[in-house]
Each structure stands twice: as C-alpha cells, then as structure tokens.
Amino acid sequence: MIFRLAALVTLGMVLCFPAWKGVWTGYVAIAMGASLYVCFTRTIPRWTPSLLRLQEGFYIAILIVLPTVIQLSLIFAFRSKPSLDGLFVYREALTLLETGRMNPLTYYPPAQIWYYALFFKLFGASPLVAQLCQIPLMAMVPMLVYLIGRDTCSLAAARWAGIGTAFYPGLLFYVLTTPYYFSLYAVCMLLMVWSWLRMQTKAHFWIPALAGGVAAGCGALAKAVLLIAPAQTLLFMILTAGTLRRWRLWLAWGAFVFAMMATISPWVLRNQRVFGNLIPVATSGPLVFYSANNPVSNGLYCSLPDEKSVTTPAEMLAHGKYCRQQAWEFIRGHPRNFARLIWLKWLHTWGTETTFVELININGQPLGKWHQALRATMLTGWATLAIAWGVTAIMSICRRLPPTPLETAVGIIVLSKFVIYALYEGGARHHLPGVPLLILLVFFMPNLLHHRQAGASS
C-alpha cells in the first residue's frame, strides 16, 4: 500500500513541479504525456496480436538494434563532452590507464573507472569512446526487462515492456551525459531483481541466489547505495514467503550475502590497506550527505564539502568524518529545515526528468534552441510513465489486489530510493534506474487485472 500511495505522491509532484518552478510551459509536456497514455491504452491491445506473432529472434533484434542505432545517431550528432562527475570519472580512468593506479582518495566508486579504462586500452581514450562503450550496457537494459517479464508476466506484457524501455526518451538520451555509474548500476540492479524472482521458482534456488549476490556486489562497486542489497533481498524474501521459519529462505539469503561479500571484498581490502579503516566502496558518502544537509542547502548539490583541499587518504578520512558530524548536527538541530529539504529532494528526484539535460551539450557548447526541446521530450516521457503508474496504483487499490512478487520487488527498489534520497542529494537521474522496472509493472498490472476479471466472469 505504501508503494501504491508513492505512485500517487509521485504523480502529484510531477503535476506541481512546473508551477513550483514557475515554468508553465511544462504543463504542455505533461498534457502531451497524458495524451500519449490515452493513445497507448487504445492502440496497444490492437497491436498486441501482431507483436506476439513476431519470431523471438526478430523481436530481440528490434529490441537491441533500433535503440542502438538511435543512440549512435545521438552521440555522433551532439558530440557531447563530459562535465562535472562524468568528466571527473573520465579523468580518473585516464589516470588509471596511464599509471596503473587508482586515485588514493577514492572519491568515486571504482567499477565505472575500470570499465572506461578497459575500453580506453582497447580503442583509445576519448569522450566518444566513453559514450560508445555505454551502448552495450544500455542494450542489456530492455533485454533484461523482457527476460524478467517473460519469467513473471505474460509474453505480451514482457514484449511491450521491453519495447517501452528500449524507446523511453530518458534512457535513450542519458548516454549523452557520459554516465559515470548509471548503465552499470542499472544492469546489475535488474540482474539482482531477476535473481530474487527466480529464487522463488527454481528448485536449485542457490544458483540464482549466488548470481544475484555477484550482481549486487558489482552494482555496489558502481554505486555504493547498492550496499543495502542484503537488507532489500531479505525483505523481499520475507514479504513473499510470509514467514521467517523457512530454511530455504535463510539458505538463499546466506548464499546471496556470501556471493556479494566475496565480490566486493578485494576492493574493501584495498581500501583497508590505503586508509587503515573500513571503507566499503568510496569516500564520497559523507561529503554528499553534508552537501544535502547543511544550512545553505537546497536539497541539490552544494559546494560546501568540496571547499576544503584534501590531498592524502588520511585527510580524506578526517574530512569525511567532519562532514558526517556536521550533517547530523544540522539534522538534529534544525528538524523543520531538514523536513523542508526532504520535500525539495523528493521534488527534484520524482517531480521531473529534465535536470540531467544540463549535462548535455553540442561539442562542448550550450544546447541553444535544443535545450527546451530536450527538456520537453524528457518530461513528456516521465509524465506518461508517472500517469500510467498512478492509474495502475489506483486500480490496484480500488480492486484490493494482493501484491505479486514482481510488484513487491519493484516496490522495495522504488521505496528504497525514496528513503535514500530523503537523506542525500536529489536529482532526476536518481529515479532513472527504477524506470525499467516501473515500465514492466505498468504493463503487467493491467494484464493481471484482465485475467482476474476473466476468472471472475467465468
């Protein structure tokens, strides 16, 4: 129920965001999203038989080839240069390639740096290569959505969800930002969710449990927030099993945690050697925490933690401890201001999908006339999905439908993001990893309703 209500809260934030920003043209994009949703609900049933008649290989080719062609066209048309975090991670990959050593300050998680460095070694180092090497990962996202849907939904829902993910505007255009974690993190998170669902249906449950643990470990090395994966996994198992008294549940969870710890342990040991302290993934957490919770914060990035010059691992460790203390003191001393910041973080995370457009440029130059067009495109896509998610939630509440394992999994992922980005910096890019799962859910739930209605009438 909390997850279904979160859909209505999200839709409310989408509807109020243009007014809050004073950009009334945003309602044009929202109206276009509503029109697209109505159009889809009328045309999808008509096209479903044709979609189902496609051979598996031909469907998969559509799912991979067409989005790849679109992204290649965007990359070569815009020639967007990396900036901010994307630029810093790009430079760290160059340093790793040239020196063979990771940055001892360890501000960024290592997985994206390793990934870039591998492709730079094979094909040369350039922003173009950094963007092109994202395409294989981005092609895996709709493919994984289709495979998850095929295991848990009808074939029709799975195929439509794959198509919806492949052509979702925010996912297509995000490659132009030169992502510094998104693609790796999204793939690993989807693999983890897939493992949750397969653990329920497979006799040899320990195989998906181990695979899911490896995926979670790789995902945590791409973005440290996935360190909460053991808690998320245990919660999913308890909610779907309805009891703690099953040996299978604890064995599966133990296998998951073991595989995840084994995956991240070499990097943890490296950090222990560098810092002389436990640093699971990166040192940036306390700085980002302070950036989002201080007297001058607006819930987004704040330069306050970065104003101090840090040159050694010991200084980085001490500065991180200072930032954490300052953030907690602010939260305890200013609860009303902190509550206001939570709202601002959620509003910027869930109310829009336009903020990452600031990271896109044309060969290093401002977008100019393309700026508003890209913003409108991103917002139209997010508004369409938010409306579909909201309608799905209302239908589920009104019909008092029990949660399926898929809805439980999506709910855990999405609500985790609500909690995390109540504490850390807000931003539209933070909801993007949840978009593929939400697309799958909105195609699945009407299908579920259809079957329930058919069963009731019979």
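Start at 1 with the first residue, then count along the sequence.
Counting only distance, with no hydrogens or angles, the side chain of Asn293 and the backbone of Leu423 share a donor-acceptor pair below 3.5 Å. No donor-acceptor pair under 3.5 Å is formed between the side chain of Tyr116 and the backbone N or O of Val129. Without hydrogens or angle criteria, Ser297 side chain to Asn294 main chain gives no donor-acceptor distance under 3.5 Å. The main-chain N or O of Ala422 is found under 3.5 Å from a side-chain atom of Lys345 such that the two form a donor-acceptor pair. Under the 3.5 Å distance criterion, the side-chain polar atoms of Asn361 are matched with a main-chain donor or acceptor of Lys81. For the pair Thr355 (side chain) and Ala428 (backbone), a donor-acceptor distance under 3.5 Å is present. Judged by distance alone, the side chain of His348 and the main-chain N or O of Leu344 form a donor-acceptor pair under 3.5 Å. Judged by distance alone, with hydrogens and angles left aside, the side-chain atoms of Thr384 form no donor-acceptor pair with the main-chain N or O of Leu36 at under 3.5 Å.
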Checklist entry - Would His430 and Tyr424 satisfy ring-ring contact (aromatic ring centres under 6.0 Å, His included), going step by step from the backbone distance to the final call? => result CA-CA 10 Å; His430 297 315; Tyr424 292 90; 9.3 Å; no

Item to check | Test log, rule side-chain hydrogen bond (donor to acceptor under 3.5 Å, both in side chains), inputs Arg429 and Thr349 | outcome: CA-CA 7 Å; Arg429 69 182 185 275; Thr349 301; over 6 Å; no

Item to check | Check against ring-ring contact (aromatic ring centres under 6.0 Å, His included), Phe418 and Trp350 | outcome: CA-CA 9 Å; Phe418 266 91; Trp350 301 98; 4.5 Å; yes

Item to check | Check against side-chain hydrogen bond (donor to acceptor under 3.5 Å, both in side chains), Ser80 and Gln131 | outcome: CA-CA 9 Å; Ser80 182; Gln131 290 175 3; 4.5 Å; no

Next on the checklist: Is there a side-chain contact (heavy atoms from CB on, under 4.5 Å) between Val357 and Thr377? Walk through the geometry before answering.
Outcome noted: CA-CA 10 Å; Val357 175; Thr377 302; over 6 Å; no

Item to check | side-chain contact (heavy atoms from CB on, under 4.5 Å) between Arg4 and Glu407, intermediate numbers included | outcome: CA-CA 9 Å; Arg4 291 170 181 175; Glu407 187 183 15; 2.8 Å; yes

Next on the checklist: Let's go through Leu84 and Leu359 carefully: what are the C-alpha distance in whole Å and the side-chain angles of both, what is the deciding distance for side-chain contact (heavy atoms from CB on, under 4.5 Å) to 0.1 Å, and is it a yes or a no?
Outcome noted: CA-CA 8 Å; Leu84 301 178; Leu359 303 175; 3.7 Å; yes

Checklist entry - Step by step, would you call Thr165 with Val435 a side-chain contact (heavy atoms from CB on, under 4.5 Å)? => result CA-CA 8 Å; Thr165 304; Val435 162; over 6 Å; no

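Listed here is the closest heavy atom pair of Leu94 and Ala125: CD2-CB, 3.2 Å. The heavy-atom pair separating Gly320 from Leu287 by the smallest distance is CA-CD1, 3.9 Å. Scanning all heavy atoms of the two residues, the minimum distance from Ile387 to Gly33 falls at CD1-C, 4.1 Å. When all heavy atoms of Ala6 and Leu415 are compared, the closest pair comes out as CB-CD2, 3.9 Å. Between Val281 and Pro110 the shortest heavy-atom distance is CG1-CD, 4.1 Å. Nearest heavy atoms, Tyr290 versus Gln326: CE1-CB, 3.5 Å.
Residues Cys153 and Leu440 form a side-chain contact, since some pair of their non-hydrogen atoms from C-beta on lies under 4.5 Å apart. Using a 4.5 Å cut-off on side-chain heavy atoms (C-beta onward), Ile163 and Tyr146 make no contact. A 4.5 Å side-chain heavy-atom check between Ser416 and Gln232 finds at least one atom pair inside the cut-off. In this structure the side chain of Met138 reaches within 4.5 angstrom of the side chain of Gln71, judged on heavy atoms. At least one side-chain heavy atom of Leu5 sits less than 4.5 Å from a side-chain heavy atom of Ile397. Looking only at side-chain heavy atoms (C-beta outward), Leu184 and Cys218 stay at 4.5 Å or farther from each other. At least one side-chain heavy atom of Phe330 sits less than 4.5 Å from a side-chain heavy atom of Pro295. Using a 4.5 Å heavy-atom threshold, the side chains of Leu438 and Leu385 count as touching.
Tyr90 and Phe120 have their aromatic ring centers within a separation under 6.0 angstrom. If you look at His334 and Phe338, their ring centroids are not closer than 6.0 Å. Taking the centre of each ring, Trp20 and Trp343 stay at or above the 6.0 Å mark. Taking the six-membered ring for Trp, Tyr168 and Trp382 have ring centres at least 6.0 Å apart.
Remark: Tyr107 pairs with no residue by the ring-ring contact (aromatic ring centres under 6.0 Å, His included) rule, at least two apart or across chains. For Glu315, there are no salt bridge (Lys or Arg N to Asp or Glu O under 4.0 Å) partners two or more places apart in sequence or in a different chain. Contacts of Arg375 classified as salt bridge (Lys or Arg N to Asp or Glu O under 4.0 Å), with partners at least two apart in sequence or in another chain: Glu358. When the side-chain hydrogen bond (donor to acceptor under 3.5 Å, both in side chains) test is applied to Asn277, no partner is found at least two apart in sequence or on another chain. With sequence neighbours excluded, the residues forming a side-chain hydrogen bond (donor to acceptor under 3.5 Å, both in side chains) with Tyr108 are Asp85, listed by chain and number.
With a 6.0 Å radius and a threshold of 12 heavy atoms from other residues, nucleotides or ligands, Tyr322 has its OH atom at or below the threshold. Atom CG of Leu269 has more than 12 heavy atoms from other residues, nucleotides or ligands within 6.0 Å. The environment of CH2 in Trp370 is sparse: at most 12 heavy-atom neighbours from other residues, nucleotides or ligands sit within 6.0 Å. In this structure, Met143 places its CE atom where more than 12 heavy-atom neighbours from other residues, nucleotides or ligands lie under 6.0 Å away. For CZ of Arg91, the number of neighbouring non-hydrogen atoms (other residues, nucleotides, ligands) closer than 6.0 Å is 12 at most.
Atom CD1 of Ile113 sits about 7.5 Å away from atom CG of Asn103, to the nearest 0.5 Å. In this structure, OG1 on Thr283 lies 8.5 Å from CG on Asn271, to the nearest 0.5 angstrom. Interatomic distance, Phe173 CZ to Ile75 CD1, rounded to the nearest 0.5 Å: 11.5 Å. Separation of atoms OG1 (Thr408) and CE (Met237) is listed at 13.5 Å; rounding is to 0.5 Å.
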Just list the side-chain donor-acceptor pairs under 3.5 Å for residues 257-264, sequence neighbours left out, or say none.
from, atom 1, to, atom 2, distance (Å)
Thr263, OG1, Ala259, O, 2.7

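Partner of Phe356 under the ring-ring contact (aromatic ring centres under 6.0 Å, His included) criterion, chosen from Phe182, Tyr174, Tyr180: Tyr174.
Ring-plane geometry between Tyr185 and Tyr181 is classed as perpendicular, the angle between the planes exceeding 60 degrees on a 0 to 90 degree scale with a lower cut at 30. In this pair, Trp196 and Phe236 present their aromatic rings parallel. The plane angle is below 30°, not in the 30 to 60° band.
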